[in-house]
Asks: 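Provided herewith is a single structure, encoded as structure tokens, for subsequent inquiry.
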Amino acid sequence: DQQVKQNSPSLSVQEGRISILNCDYTNSMFDYFLWYKKYPAEGPTFLISISSIKDKNEDGRFTVFLNKSAKHLSLHIVPSQPGDSAVYFCAASGPGGTSYGKLTFGQGTILTVHP
Amino acid sequence: DTGVSQDPRHKITKRGQNVTFRCDPISEHNRLYWYRQTLGQGPEFLTYFQNEAQLEKSRLLSDRFSAERPKGSFSTLEIQRTEQGDSAMYLCASSPSRLAGTYGPQYFGPGTRLTVL
């Protein structure tokens, strides 16, 4: 029962262009969503998050969009840089009123940014 | 802020042996989580501590696994009678307590890579 899905195992993008990573979820009780970035042999690093009361959150080159009706979120990276090459994980938690924040992760998408 | 630390970073053991991993969370973070990540998958939740109390355990955590957080600071995860299927990256994360309805991220350590031969 995969409650959080990242259907694209990999994405290749040219430096300077936009990278769009997608994530779908099935559990309507999720109300907080996060993106993590992971380099080999390191733990996941928090990038950006969004709560279900918003549909967009922006932090520098990173923007997360949430479409609650479609149970879909996406991460946009503009402009993409070679240092962005990593595995990106989508994660979800909730409901916030009763949850202690246990995260459910997707399978990850390998992003490669070519110079 | 020294971040979450884990020790050891790598552990190779033979099937049937016991192993223990340690996690030191960010100071003043009273929530601590253990996750397991296998190749090609995202991290999967194992267990959660609020201070020294273990409040939830995943079904993934068989009776060969035990976790403790005796003084509400560092935590240990022990695997007894290891099996080849236990080979994975074991990740620890921490966060501060939050009021109901408020949100924030968990901060992960570098992980312990376990290889069972």
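Letters A, B, ... are given to chains in the order of the sequence lines, protein chains preceding strands, and every chain is numbered from 1.
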Asks: Check each atom of A:L34 against the heavy atoms of chain B and say whether the ones under 4.5 Å are side chain, backbone, both or neither.
Replies: side chain
Asks: Before accepting this row, confirm whether a basic side-chain N of the pair B:E56/A:K102 lies closer than 4.0 Å to the acidic partner's carboxylate O.
Replies: yes
Asks: Does B:R31 make a cation-pi contact with B:F49 (under 6.0 Å, within 45 degrees of the axis)?
Replies: no
Asks: What about A:F89 and A:Y36, are their ring centers closer than 6.0 Å?
Replies: no
Asks: Check whether B:E44 gets within reach of chain A through its side chain, its backbone, both or neither, counting any heavy atom under 4.5 Å.
Replies: neither
Asks: Measure from the ring center of A:Y25 to the ring center of A:F33 and say whether it is less than 6.0 Å.
Replies: yes
Asks: Is it the side chain or the backbone of A:S49 that comes within 4.5 Å of chain B heavy atoms, both, or neither?
Replies: neither
